Amino acid sequence: MLTKKQIELLGENLSKKIENIARITNPKEIKILIGNEKEFLIEKLLKEKRLVKLKWKNCYLYRTKPYDAARSEASTYIATKKKEDAGPTNNWLDPKRIRKKLFKILKNSMKGKTMYVVPYILGPEKSPYSKVGVMLTDNEYVALNELILAKVTKKAILRIKKGEDFVFGIHSTCKLDPKNRYIVHFPGKNEIISVNTEYGGNAILTKKCHSLRIASFQARKEGWLAEHMMAIQVINPEKESFGISAAFPSMCGKTNLATIKPEKEFKNWKVKLLSDDIIWIHEKEGKAYAINPEYGMFGVANGTNEKTNSNIMKTIKQDTIFTNVGLTKNLEPWWDGLETKSKILEKANPNSRFTVSILKYQNLSKYFFDPFGLKIDAILFGSRRKELFPLVFETFSWEEGVLFGAMLRSETTAAVIENYKQLKNDPMAMRPFLGYNMAKYFLHWLKFGKKLKEKPRIFFVNWFRRDEKGNFIWPGFNKNMYVIKWIIERSKGKVNAIKTPIGFIPNYDEFDFGMEKEKLEKLFEIDKEAWLKEFSDARKFFSIFQNFPKVLSKKLDELEERMKS
Ligand code: SAT
Ligand code: MN
């Protein structure tokens, strides 16, 4: 139970909530984290042989169970009184019944362990858009990740004591039994309970659970957007600044785009990072502004190297917690694509990750600290599609942009346990992360657009188109700067484009860096029959919603007409 001093710090209300959980889970002690406990947790994990000290400075390796090394969508639930409020794309549970079951699972689950109380702020501390929460966990690895990924601070407790709304999260490792794995959100109650998992997005509750699922629910009520997007500030040679945000499903290159490095042909360009994974967008004076709720990155290690992403390589060479990466004889971390002279002892999980503070990233945007955030000028949706979608196109309007976002389908990746490598509908890359009915979410996007006098233009990108032999046509990575540059020039109205039924595509000479014309033609090819099939598939998908916005149906009709004529 809490000590007198702890109760004084936490206040009565919060103390009661925590003691209620302690009574059920029965930990041997309760420890409140205030932000400076990283070394302590690392020491403890090392002593218990749960961390491997790596050769890189202050870097460590943690291994989760192979069956617990990615998000589990099948175990993720939205618990609302009415099933309709979770909508047809979420797993739904009755809140009363599941609460009972979860408390049964939690019974004595922390016996002999420490319960960590983790108070945190999401977003810049002084931002009117920031939110607070408290998470409980019995897992040192999860607590350590929280210390890097969220702003863990006493100040969160002070705000809660003053009466601010807060999210309460309960995580317990239990027996890591996948059959009893539950990640349950109670959006109306601002509560999250996660059991029998210790993997990233399942267990680090500030991440997808609070910053997206609970936040999206709050965002709809309060008139803003919580999005699965990266955001960057791009500065051109004329020293003009642009804000670009992009939503891609997990493992489709969000972090790579967020940390893109302008190469020699873009000598006087700068790209600064606001967020690699999640942003909260608010309207202010008719413009859209984004803040990053997080303080760290939980990025994909696999495939990262000096060639693909030297910025990230520099960042993760020290002070980083690696999860499920491989190992060399020399105790260096290892994964596919990484060079090493040492013998490889162990391969990496395809969803291996790095956890690092965003403050360690050398090109952080000053807007990361701005209470109102970065002004967004262009929004990108993107997915992993081997055919159909061109490298980039600009949609004709906010409504059509929302429609294409809603139509987003992607080849699934190793970031989720289930259905690897299938084509799956993933509207706005938010399907796994939305805390309410998706039809209402589409409507919310349309409404939000109406508030904006200066609407960001909406683009669609696809880095993953392949040729007949199955090879990627586009080199991707830092070459994506060509796409970024085109998007900026379009946003400024500075560059002409080719009008197609789906939107504007670039003139090929914008991509003149030695790519053969044939390849460019293939990259931008519009296959009418295939698009008509795509539209009809979209219609089928939209038909699962009872209240799909009419505006979007009408836009889809128009799009189809244009494609036919
Ligand atoms: O959900 S995680 O944060 O574990 C990774 C992802 O899918 O983006
Ligand atoms: Mn993500």
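In this text, all values refer to a predicted model and were calculated from it rather than measured experimentally. We count ligands from 1, going down the list as the structure has it; atoms in each ligand are counted the same way.
Salt-bridge check for E191 with R99: passed, with a basic side-chain N closer than 4.0 Å to an acidic carboxylate O. Salt bridge status for K131 with E222: present, with a side-chain N to carboxylate O gap under 4.0 Å. The pair K113-D138 meets the salt-bridge criterion, since a charged nitrogen lies less than 4.0 angstrom from a carboxylate oxygen. Comment: R466 does not engage E387 in a salt bridge, judged by the lack of any side-chain N to carboxylate O separation of less than 4.0 angstrom. Ionic pairing of K424 and E73 is present here: one or more N-O contacts between side-chain nitrogen and carboxylate oxygen are shorter than 4.0 angstrom.
The distance from atom CD1 of I316 to atom CZ of R353, rounded to the nearest 0.5 Å, is 12.5 Å.
A ring-ring contact (aromatic ring centres under 6.0 Å, His included) check over residues 368-393, counting only residues at least two apart or in different chains, returns the pairs Y129-F372, Y295-F368, F381-W445, F389-F460, F389-W531, F393-F404, F393-F460. The ring-ring contact (aromatic ring centres under 6.0 Å, His included) analysis of residues 207-231, with sequence neighbours excluded, yields the pairs Y120-H210, W224-W280, W224-H282, H228-F433.
Among protein atoms, those of element N, O or S found less than 2.8 Å away from the Mn ion (ligand 2) are K208 NZ, H228 NE2, D277 OD1.
When each of N180, T64, N202 is tested with T197 by the rule side chain to side chain donor-acceptor pair (under 3.5 Å), just one qualifies, namely N202.
The immediate protein surroundings of ligand 1, defined as residues with any heavy atom under 4.0 Å of it, consist of R71, Y199, G200, G201, K207, K208, S250, F298, R353, A415.
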